Amino acid sequence: DIETVEGLLYFTPDGKLEFRDDYHNHAESKHIQERYLEVLSPDGQVLFRNDRLGDATLGGPVFANEGVGGYSGRTERLADGTRVALVSRRHTMAGRPILIRLAYSMEPIWGQIYQLLLAFLAALPIALAGAGFAGYSLARRALDPLSQMTRRAEQITPDRLHERLPVENPHDELGQMGRVFNDTLDRLENAFDQMRRFTADASHELRTPLTAIRSVGEVGLQRDATREEYREIIGSMLEEANRLTRLVENLLAVSRADAGQVHLQRRPIPVLDLTRESAALLDVLIDEKDQKLQLDGDATATVIGDRLILRQAVVNILHNAIKFSPVHGAISVSTTQDDREVRIRIADSGPGIAEEHRDKVFQRFYRVDSSRSSDTGGTGLGLSIAQWAVQAHGGRITIDNLSGAGCAFQIAIPSGCLG
Ligand code: ADP
């Protein structure tokens with residue numbers, strides 16, 4: 001536009017600056033009519049103002065270097081408050097420097113902006129209501145699985161531990177939470193089942209000796225017996241009472257271990273000593289059955305562990321070896337150590353343990369042959385206690401059948417075990 005204006009301005013012979021109006025059929029110059037145009041001399045004297053501008057000034061006094069070497073653009077307000085976008089440019093016409101200021105009104109643009117703002121304002125409540133509604137229904141839909149889970153979780157009681165939370169999508173956050181919760185329920189259900197089974201088995205085990213004591217006592221009371229017979233009756237009652245005591249002691253050991261109440265007192269233990277000590281505790285039983293116990297091994301083999309707890313494991317296994325080996329049978333105990341672990345091997349000459357029972361014998365109250373075991377006065381807890389004791393030391397127990405008769409239990413505990 002400035003360039004068009006430059007082309008349309010001219011000095012009259014009497015030195016007045018004029019604008020070539022006859023040029024108005026040109027599209028560009030028509031445009032120019034809508035513009036505000038002011039031409040000044042560099043010292044600020046007004047040389048020309050177009051009709052649109054009238055008497056008003058455009059842009060105030062000339063400032064230094066205004067319009068020199070390009071277009072200086074800015075926004076201004078006219079005296080009537082009209083906002084304009086203004087461009088100035090220095091030009092030389094007929095050898096005279098002039099400053100052309102050309103502006104266009106920004107009012108139509110502001111009018112459109114106000115209209116747009118009004119439209120936005122009018123639409124705002126509708127948009128807010130729409131967003132609120134959409135947000136609410138979205139949140140409801142997203143949280144629906146959560147409320148389903150909550151309802152289901154409320155129904156889970158100890159009797160209904162088999163119930164699980166519904167998981168719609170296992171890969172989203174809610175699904176993952178549901179999965180973790182369900183896994184926890186799995187573990188809880190297992191623990192509850194185990195506890196129920198344990199309570200049922202323990203009650204059953206306790207009932208047997210109690211029934212025996214009662215029936216022996218009742219039979220004794222029913223008739224006059226001789227002194228010898230009474231001694232026998234009391235003897236067998238005491239035997240059952242002993243069995244009951246052993247069972248209760250074992251149950252206590254198991255429940256303490258379950259409750260994590262056992263704290264290992266770790267000290268270096270020479271294992272050969274430990275096996276000698278365990279055998280000494282069972283000497284009477286070995287003598288009773290006239291069995292031959294061979295005990296040898298590495299005298300330097302040492303583990304770091306709790307002496308009493310490890311001894312319990314060895315005693316339980318050795319006790320089984322004595323119980324299940326025949327009269328005059330042979331039992332051997334040997335200890336070895338390499339740089340990884342210390343091993344205690346207890347081999348007997350009993351019936352051995354068939355492959356399919358090898359893992360199960362460590363379960364509580366499990367007996368391969370219940371009639372035979374109850375003859376031997378076992379509680380069915382000895383091996384599970386032994387296994388707990390060894391595992392508490394970071395070790396394991398394995399069973400091998402021997403080629404002749406009997407089986408060999410091997411306790412392996414990491415050397416210098418820290419559990
Ligand atoms: P129990 O007090 O009945 O011996 P344990 O837990 O010590 O209970 O042993 C579980 C079962 O494993 C025993 O009832 C028996 O059937 C079997 N068992 C354990 N040790 C031996 C062994 N040395 N020889 C044969 N069978 C064994």
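Bear in mind the structure is a predicted one, so any value in this text is a computation, not a measurement. The residues of the chain are indexed from 1 along the displayed sequence. Numbering of ligands and ligand atoms starts at 1, following listing order.
Taking a cutoff of 4.0 Å between a charged side-chain nitrogen and a carboxylate oxygen, K323 and D348 do not qualify as a salt bridge. Using a 4.0 Å cut-off between charged side-chain N and carboxylate O, R227 and E232 make no salt bridge. Look at R358 and E356 and you find no salt bridge, because none of the NZ, NE, NH1 or NH2 atoms lies under 4.0 Å from a carboxylate O. A salt bridge links E229 with R223: the closest approach of a Lys/Arg side-chain nitrogen to an acidic carboxylate oxygen falls below 4.0 angstrom.
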R141 vs D144, salt bridge (Lys or Arg N to Asp or Glu O under 4.0 Å): CA-CA, chis, key distance, verdict: CA-CA 5 Å; R141 197 136 34 102; D144 196 42; over 6 Å; no
Steps toward side-chain hydrogen bond (donor to acceptor under 3.5 Å, both in side chains) verdict (Q194, N190)
CA-CA 6 Å; Q194 230 174 15; N190 274 341; over 6 Å; no
Show the numbers, then the answer: is there a side-chain hydrogen bond (donor to acceptor under 3.5 Å, both in side chains) between T300 and D298? CA-CA 5 Å; T300 60; D298 183 352; 2.6 Å; yes
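Residue C407 has at least one heavy-atom neighbour below 4.0 Å for each of these atoms of ligand 1: 22 (C), 23 (N), 24 (N). Annotation for ligand 1: atoms under 4.0 Å from non-hydrogen atoms of I353 are 18 (N), 21 (C), 25 (C), 26 (N), 27 (C). Taking every non-hydrogen atom of K323 and a distance limit under 4.0 Å, the qualifying atoms of ligand 1 come out as 1 (P), 2 (O), 4 (O). Taking a cut-off of under 4.0 Å to the non-hydrogen atoms of D348, the atoms of ligand 1 that pass are 22 (C), 23 (N), 24 (N). For ligand 1, the atoms lying closer than 4.0 Å to a non-hydrogen atom of G352 are 25 (C). Each of the following atoms of ligand 1 lies closer than 4.0 Å to a heavy atom of V361: 6 (O), 10 (C), 12 (O), 17 (C). Applying the 4.0 Å criterion to heavy atoms of Y366 picks out, from ligand 1, the atoms 10 (C), 11 (C).
No heavy atom of N316 sits closer than 4.0 Å to any atom of ligand 1. Under a 4.0 angstrom heavy-atom cut-off, S325 registers as lying outside contact with ligand 1. Residue contacts with ligand 1 leave out G350, since none of its heavy atoms falls under 4.0 Å from the ligand. Heavy-atom separations between F409 and ligand 1 include at least one value shorter than 4.0 Å. Contact annotation: H319 has no heavy atom less than 4.0 Å from any atom of ligand 1.
Geometrically, ligand 1 and N320 share a nitrogen or oxygen pair separated by less than 3.5 Å. Geometrically, ligand 1 and V368 share a nitrogen or oxygen pair separated by less than 3.5 Å. At least one N or O atom of L383, backbone or side chain, sits closer than 3.5 Å to an N or O atom of ligand 1.
Distance check, rounded to the nearest 0.5 Å: CD1 of I213 to CG of L238 gives 8.5 Å. Separating the CZ atom in R246 from the CG atom in N250 is a distance of 8.5 Å, to the nearest 0.5 Å.
A donor-acceptor pair is defined here as one N or O able to donate and one able to accept, closer than 3.5 Å; such a pair exists between the side chain of R49 and the backbone of A56.
Among G380, A405, A347, the residue whose heavy atom lies nearest to atom 3 (O) of ligand 1 is G380.
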